[in-house]
Amino acid sequence: MALLLHLTDLHLGAGGADKSTADEKVKVIPPHEMDTRLSDTVRLVERVIEKLKGDRLSSIVISGDITVGNKLDGYNRLNDFIGRLSPLLPAEKGAVIAVPGNHDVAWGTEASSVERYRNFKQFVRDDLKATTPFLDGVDTLQKGKVKLVGAKKAYFANKEHGYAVVPLNTSNYCGSNLLIEGVTQPDIELFLEQAKGLRNGEAIVRSLERLTRFDIARVSPDQISAFEISVKSARQELKDSTDSALIISTFHHNLAPVSRYEEIKAFETLTNLGRLQETFTDLGVKIALHGHKHQPMAYWDNRQIVGGKATEMLVLSGASVGGEGYSAEVPFQLIEVNRVDGGHDVQVHSAKDFIGDKPAFVRMGLIHGNWKKPVSATDRSTIIEADTFDKVHEAVRNLPLFEDGFNHPLNNVVTTIRDGNSVTKRVPIGYPKDVVDDPNTVDNWFDEIAGWWQTDLSELSSDLYFTHGTRIKRYRGIVNQLEHAADVLKSPDPRNGRAIITLIDPESDFRSGNNKKRGGWFPAFSMAQAYITNEDGKNKLNIVGFYRKQEMRYWWAVNIRELRLMVDMLARRVKASIGSITTVATIAIADGGKPRVAVPVLDRWYDKDKGKIAQLVLSAVNSSRLDQGNEADHEKLALWRAIIADLVPVELPDGAAVENVPLATKGLELAHELLKAFSEFESSPRLSALTECLARIQTECASIVQTVLQKNTSAAYEEYDRSRKLIAIQAQEARTVLQEIFHVN
């Protein structure tokens, strides 16, 4: 975990952080005994130090207004204040990041001048050694590189946690004098000096100075160029090739209102805000930290450009220590960054909530550069959309379903893969490998299991199993719904929405009073709909799968692969290219163990290629004929081990109903019969022992089948568990025998 401390608007010094927190109606207490805003904040920081128990912050971000009016006494207090944070200070050099605010530059000086930043550069960049932004007029751009005076780079990159903080200067024009055509600044100064001789001249001059000096928030063209270079350099340093790095920007001025209170002034917001937002969008900035308004606020900056990019950036406005609106409850905030596959999970804590172990007030996950907004039990829907199978899968894996303590389903979960061609025979990145005994075979398992579910004719018991393909291609034994959907899509009106495929038959599925509750009764995959869109003059075939209930850890990806197989067939018939693949799950869950609605490998082979079962048996027969001194066959042993492990039913929670368990039937029966036939003619005790193990496993599997078909209630749990344990014992014995057969010590 990385932890970032966000401070802003410290306003160190007299008239700022030195202000007393007491309601001092009578001045009788010595000033040095009074609590101040700064001392209150320091005490709160000390409580954070205690909470972390020796751990350090990963970064400290100060988003401007360190001082009151650029005064030296404020800057002089900065090192002392940072010193009080010493137990928390990051170990990495440059991990303190600071930007100038409108109070940290010399008003009345020219923009982009050395004089404007003299104090900030000396006390912050040179003395504190903080990471600071490109300072206009001090630093330069040379041949596409940022050249800083007194520093190496204008960003901080944390390689361990995969994030970078890139500061930006929005205060270059703060306190700028009005430019009047044909009138120089010396002319104005001479005029104001002479005006002091008028009656009430001092007041007039002060008013004129205010009227001709503006607090302008703006980002210069060179500043934007330096920022772009710094972000790209940070990504290179983080070796970010998949947009998985978390790019954080910090600057002083607000991008939008952060409270309901209006401020009536000239240049209330950044003059070139649109240009800056475009830069954030193009560079993939995901978090922006600012101050200026002294208001704690978190909001999403959503940008959807028609025909262009769509982005979401989390904007965090910080409170103030020494400015108006100070609150002892929220003088700073803590940002927790946890690296996950493909991105980051981010939580934002107020100081006291963090100390008190209360939930974060902002929670979201960043997946491959796409923000996933918070999801709670009261949310009505969750929508995930990205370009590829891998990216959507990463977002799915970071749903709250997979968090500890999140013990309820999500409703109306919609996922869309824009590029259906990205769905291939391999599992998506990050897919759990525990579905198979050998992780190296997971892609084969994935392709086989999806293909089996789309098989149009299964020889397995219809009372125990059915395939999606049977209901899709042989609905009621005769209707090929894929062909019908293709005909609809080729009709004169392909946009009539009638290319619908159903997997539910109310006449059989809605029956009551039937004691034989089939394992696949009332399929979770309920319906699919195909439709054509025209994109850039080309027809795209898209498909949507509807699920009454969908398991997201294991079976979402298999369902996606099934939809790809369906859309492939349709696309060939209607002569369209592959478009998007979408799933809609009314109820989404995440199983904690190996998937239960699987089909054992032997049964899949029985349906698809019985020759594989024969080859498996022959491998054991042939090896049993060889002398013990022969070379060990690790490859064939690994295959047998995977098959045997696949025969052991899953362990169910105590008292759970025996439902939809993966049970070997026809395939196991064929394997046993072949082994039995060979063992009758082979004088091999090891082969006979293996045959006996499979016979006992087959007997117990048949017992469980009867439990499923006739006693499918939670009361059958004990009988199921008894058979499961006996199968596990026989499986272990079979593994021992197989080691001898294949000559592995």
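Salt-bridge formation is not detected for the pair Asp607/Arg604: no Lys NZ or Arg NE/NH1/NH2 atom is positioned less than 4.0 Å from an Asp or Glu carboxylate oxygen. By the 4.0 Å N-to-carboxylate-O rule, Asp390 lies close enough to Arg426 to be salt-bridged with it. Under a 4.0 Å N-O distance rule, the pair Lys725/Glu700 does not qualify as a salt bridge. Classification of Asp568 and Arg572 as a salt-bridged pair fails, no side-chain N sitting under 4.0 Å from a carboxylate O. Classification of Glu160 and Arg339 as a salt-bridged pair fails, no side-chain N sitting under 4.0 Å from a carboxylate O.
At least one donor-acceptor pair closer than 3.5 Å links the side chain of Ser422 to the backbone N or O of Asp419. Without hydrogens or angle criteria, His393 side chain to Ile429 main chain gives a donor-acceptor distance under 3.5 Å. When atom types are taken as modelled, the side chain of Asn302 and the backbone of Glu312 share no donor-acceptor pair closer than 3.5 angstrom.
For Lys636, the NZ atom sits in a loose shell: 12 or fewer heavy atoms of surrounding residues, nucleotides or ligands are nearer than 6.0 Å. Around NZ of Lys549, the count of heavy atoms belonging to other residues, nucleotides or ligands within 6.0 Å does not exceed 12. Atom CD of Glu535 has more than 12 heavy atoms from other residues, nucleotides or ligands within 6.0 Å.
Atoms OG1 and CD, from Thr665 and Gln698 in turn, are 9.5 Å apart once rounded to the nearest 0.5 Å.
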Report task. Carefully, step by step, assess Thr586 and Asn412 under the rule side-chain hydrogen bond (donor to acceptor under 3.5 Å, both in side chains). Result -> CA-CA 4 Å; Thr586 305; Asn412 305 325; 4.8 Å; no
Report task. Show the numbers, then the answer: is there a side-chain hydrogen bond (donor to acceptor under 3.5 Å, both in side chains) between Gln730 and Arg735? Result -> CA-CA 9 Å; Gln730 291 303 314; Arg735 281 191 284 267; over 6 Å; no
Query raised in the report: So Tyr554 and Asn559, side-chain hydrogen bond (donor to acceptor under 3.5 Å, both in side chains) or not? Walk me through it.
Result: CA-CA 9 Å; Tyr554 299 99; Asn559 295 149; over 6 Å; no
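The shortest non-hydrogen separation linking Ile247 to Arg235 is CG1-NH2, 3.5 Å. Summarising the geometry of Ile581 relative to Val423, their closest heavy-atom pair is CD1-CG2, 4.0 Å, with the distance given to 0.1 Å. Residue Ala620 comes nearest to Ile741 through the heavy atom pair O-CG2, 3.5 Å, listed as atom of the first residue, atom of the second, then distance.
Every residue was checked against the ring pair (Phe, Tyr, Trp, His ring centres under 6.0 Å) condition with Trp605, not counting sequence neighbours, and none meets it. When the ring pair (Phe, Tyr, Trp, His ring centres under 6.0 Å) test is applied to Phe354, the partners found at least two apart in sequence or on another chain are His349. Applying the ring pair (Phe, Tyr, Trp, His ring centres under 6.0 Å) criterion to Phe525, with sequence neighbours excluded, gives His468, Tyr547.
Between the side chains of Tyr475 and Thr502, no donor-acceptor pair is found at a separation under 3.5 Å. In this model, no donor atom of one side chain and acceptor atom of the other lie less than 3.5 Å apart for Gln481 and Arg474. Using a 3.5 Å distance cut-off with no hydrogens or angles, the side chains of Thr455 and Thr467 do not pair a donor with an acceptor. One side chain, Thr583 or Thr415, offers a donor N or O that lies under 3.5 Å from an acceptor on the other.
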